[in-house]
Protein chains: 2
Amino acid sequence: MLTQLQLDGNGPLHAQLTRALKQALESGQLGQGSRLPPTRFMSEQMGLSRNTVLAAYEQLRTEGYIDGRVGSGSYVTAPTRRPAEPAPATRLPAPNTFVARTRQHLDHQNLPGKAIPGVRFSLQYGSPYTNPALTTAWARELSHAALYTSPNYSWAQGLPELRQAISEYVLRRGVEASPDDVLIVAGTQQAMSLCARVLMEAGDPVAIEEPQYYATRSIMLAYGAHLQPVPVDEEGLQVDALPDVSSLGQAPRLICTTPSHQFPYGGTMPEARRAALLEYAHRHGSWVIEDDYDGEIRYDARPLSSLKSQDRHDRVIYVGTFSKMLFPSMRLGFMVVPRGLRKDFVAAKWMEDFGASAIDQAALANFMKSGAFDRHLRRSLVALRERRDALLEGLRQMSNGRLEFRDSQAGMHIPVWLKHRSREEGRQFIERARGMGLGLYSLSPYYLDPPDRAGLILGYAGLPVRDIELALEVLRRCLEVEYSARAH
Amino acid sequence: MLTQLQLDGNGPLHAQLTRALKQALESGQLGQGSRLPPTRFMSEQMGLSRNTVLAAYEQLRTEGYIDGRVGSGSYVTAPTRRPAEPAPATRLPAPNTFVARTRQHLDHQNLPGKAIPGVRFSLQYGSPYTNPALTTAWARELSHAALYTSPNYSWAQGLPELRQAISEYVLRRGVEASPDDVLIVAGTQQAMSLCARVLMEAGDPVAIEEPQYYATRSIMLAYGAHLQPVPVDEEGLQVDALPDVSSLGQAPRLICTTPSHQFPYGGTMPEARRAALLEYAHRHGSWVIEDDYDGEIRYDARPLSSLKSQDRHDRVIYVGTFSKMLFPSMRLGFMVVPRGLRKDFVAAKWMEDFGASAIDQAALANFMKSGAFDRHLRRSLVALRERRDALLEGLRQMSNGRLEFRDSQAGMHIPVWLKHRSREEGRQFIERARGMGLGLYSLSPYYLDPPDRAGLILGYAGLPVRDIELALEVLRRCLEVEYSARAH
């Protein structure tokens, strides 16, 4: 009576058998109270192992279709159903505004940060500098925190001890924040997302650096920002190019900026420009989101304090991350929020996810408090400087008038242009490098309106000096091919 | 010349001194190129330890205000500034729509899940069942995962090995999902938040159980849902009370439901009602969000499969959490999303936070794969049943016609009404219990429109049997006082 059982070939055999049996039950082949074939019999009939059959029966038992025990027979208990009409393909309704905007602006194929698989060396921005000491220390901190942290719901704003550690940490960036001013988030990205939800309305003008961090642009667009790209130069955001409010009709609600190290163009915003930016924000009631992502990574000059440290009118939302100084899979970052906004930000964080993992937070708090974080920072700076030096030196040697790049005194990447080459030629160049085992990444996705030039963002944090040298050797060969084949 | 330095008494002494020195620099007391007093002199003048002074100078150095080395003198380098006009109180603009809705609906003072401090026993819903074995195992898993997980950015959709483990896990709830159908989120709350962003538009009707989970209601309201409360009875959501679409003018865009164990009222939705609910959703093109939060915790009957397992038209978004079966501070949950929506959900998750911590995910995947999770589940069920039995038995003994509650075959809490008592009297009752060291929690926050009855939600997962008995003893005394003082 069960001769018609057909397996559909999808997934594990026991799941296939479970599905087939359910179909038989629902089609009425096996009515309520009837007995399923003994597992041994079924196993022979279907040519399946007895364990597979046992697993399928157990599944049906769990789901309440059958009753009884192995050995004494399994009986159909569930009311059997006629199968529903064959399911039509799901009629998906029109996407809502958020989804429509996302689909329009987010290029799933081209998300920066997605590693190119199968390459030997990847000059990818965002790969962290790590070392075995950090890995071991972090494993120990997590294990310790798991033993001593409450398993219960924690504070949406963040664990008090981590907020305390961060309030001390940001002092060196000139930010005077009490632990109450700090909000723990799941990285810079969530900080931006919360800013969009809490501070702007769809249609609001939002000033953004051009080029800019791809993900920040995406989230602002998804929330309906009317983006106002502001050009950057060697000194970061060109503050005097901020929108003219009288002609725009409305001041930018938000100004997104990376004053310590403009991303990805490089450059640090000098004092005078900072003052002008704050003055603009104060005059027009704009909020400034300061993404201080590379604030501490300065090589040949002292870090300037953060913009937030100069903020006398509480216009700046300060955003920091541990993705760069520790590692990105950690998913912890923080914000320092003007007092009048704090409650709304904490509520938005609570509504999103109730707050970050208490164990992760406790581990990080202890890592900071013990001094291990500072030791890691110092070690990182030494290693990163060596890597930067190796990359810069290699680029200088191979440039031969074909590359355009500047000295880089901060951060973990160098933007490089291929001279006399179009964006499309740049794409082909990246493809060729990939074929030779070298992962290169385009600057284009970081532009709202990409220039027709071939640009690369070379991240060096993740590669030891020796690997950088080997990567450079491949790059040099790619350049030879590119510029010998055709005229400059 | 620096005789005017005044410490403001806020925070660490070195920070106070740094602030005071900055003020002196900015007010022009110390011009560019001038020399700061030697640290020893400053230390004596101000009555501060030399280390404090050194820390302040170092801070100024880091921020670029001064130059030079200890011993040879510190010189003012930064261009000094006149102080800005005294900052006016920040002019906060009118809140945006999201914030306005949040402020209107979210009662910060009364967030459920906030523990009452200082009580001896807390019958709080949401406290997890944990034991030393789980704690130790989890510490080991985290430590192991930290050593062997890539520190890099991970998949926004979730670690493949965790999605694989979950696709096997949900099979026992009747859900046939490939790892591709699974999205890892930061708990149920984020699942709800993503649903609101991806599936609805402000103003859309959203059907919600009354009573319902407070946080789900909050997030829907924050996104502008036009809530349609649907009453529940002993069998969960009253499907025939779902909005009449012809009179509403528009079908509910979402239907939020807890079919396995209605939260917080209790009760499991029977077959026929499930079929009717799916039929309604199919007919009207509504999405059903199935929060299967207690799906596996059944005591005296087999768990019914999930609603999702019956979903032939891809209308159900299935949401699961590890907060209940493991512990809430973990902040990991998952969704099984209809195929046509997957890309949009993954994009929304990527835009929110790039995905969950890879280490946490790897630890959980291994915990599930090794069988440790199943062992913990079995152990939990035994312990939870004992706790439930102790609570139910105690309530029966003290009820004396004053309490109203039902047998409870699922989950980790029991809703209890105090007979003939108003909501306000219930509030006072809770306050009195608190004074006697017992943490009780009201049912009112779980209603959109709370009834004028005194209701409690008694969570028992977090207390060993002995503590439940002691808690019950306090509750009994509170009842004696309440019902002897005044007529029933």
Side-chain angles (χ1 to χ4, degrees), chain A residues 62-64 84 87 90-93 96-99 102 106 113 126-128 130 135 138-139 142-143 146-147 151-154 171-172 174 186-187 189-190 193 197-198 200-201 218-219 222 285 302 304-305 312-314 327-331 338 340 344 347 351-354 357-360, chain B residues 15 62-64 84 87 90-93 96-99 102 106 113 126-128 130 135 138-139 142-143 146-147 151-154 172 174 186-187 189-190 193 197-198 200-201 218-219 222 285 302 304-305 312-314 327-331 338 340 344 347 351-354 357-360:
Chain A
T62 306
E63 295 189 32
T90 316
R91 286 166 309 153
L92 289 175
N96 71 3
T97 323
F98 183 90
V99 169
T102 302
L106 195 67
S127 293
T130 55
T135 304
W138 190 242
L142 277 179
S143 166
L147 293 175
N152 237 309
Y153 289 103
S154 185
L171 255 184
R172 71 181 84 172
Q189 184 59 16
Q190 190 172 55
S193 174
R197 281 208 282 293
V198 171
M200 59 167 271
E201 204 77 75
S218 301
I219 191 75
R302 262 188 220 96
L304 274 173
S305 338
R312 279 157 217 296
H313 299 284
D314 255 7
F327 47 87
S329 87
M330 175 178 281
R331 308 318 305 133
D344 296 323
M351 282 202 293
E352 179 63 25
D353 57 19
F354 289 170
S357 153
I359 291 176
D360 294 3
Chain B
T62 306
E63 296 188 33
T90 317
R91 285 166 309 152
L92 289 174
N96 72 2
T97 324
F98 183 90
V99 169
T102 302
L106 196 66
S127 294
T130 55
T135 304
W138 190 242
L142 277 178
S143 168
L147 293 174
N152 237 308
Y153 288 102
S154 184
R172 71 182 86 173
Q189 184 59 17
Q190 189 171 57
S193 174
R197 282 208 282 293
V198 170
M200 59 166 273
E201 203 78 76
S218 301
I219 192 75
R302 261 190 219 95
L304 272 173
S305 329
R312 278 155 218 293
H313 300 283
D314 255 6
F327 47 86
S329 88
M330 175 179 280
R331 309 318 304 133
D344 296 323
M351 283 202 293
E352 179 64 26
D353 57 19
F354 289 171
S357 154
I359 291 176
D360 293 2

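In what follows, chains carry the letters A, B, and so on, assigned in the order in which the sequence lines appear, proteins first and then strands, with residues in each chain numbered from 1.
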Can you say whether B/T130 sits under 4.5 Å from chain A via the side chain, the backbone, both, or neither, judging by heavy atoms? side chain
Might you work through the side chain to side chain contact (heavy atoms under 4.5 Å, CB included) test for B/E352 and A/D353, ending with a clear yes or no? CA-CA 11 Å; B/E352 179 64 26; A/D353 57 19; 5.7 Å; no
Can you sort out the partners of A/F98 under ring-ring contact (aromatic ring centres under 6.0 Å, His included), two or more places apart, ordered by chain and number? A/Y223
Highest number of heavy-atom pairs under 4.5 Å with chain B: which of A/E201, A/R197, A/M200? A/R197
At a 4.5 Å cut-off on heavy atoms, which part of B/M330 comes close to chain A: side chain, backbone, both, or neither? backbone
Spacing of CG belonging to B/L142 relative to CD1 belonging to A/I359, to within rounding of 0.5 Å: 5.5 Å
Quick one: list whatever passes side chain to side chain donor-acceptor pair (under 3.5 Å) with A/S305, sequence neighbours left out. B/E63
Who wins among A/P128, A/S127, A/A358, A/P151 for the most heavy-atom pairs under 4.5 Å with chain B? A/P151
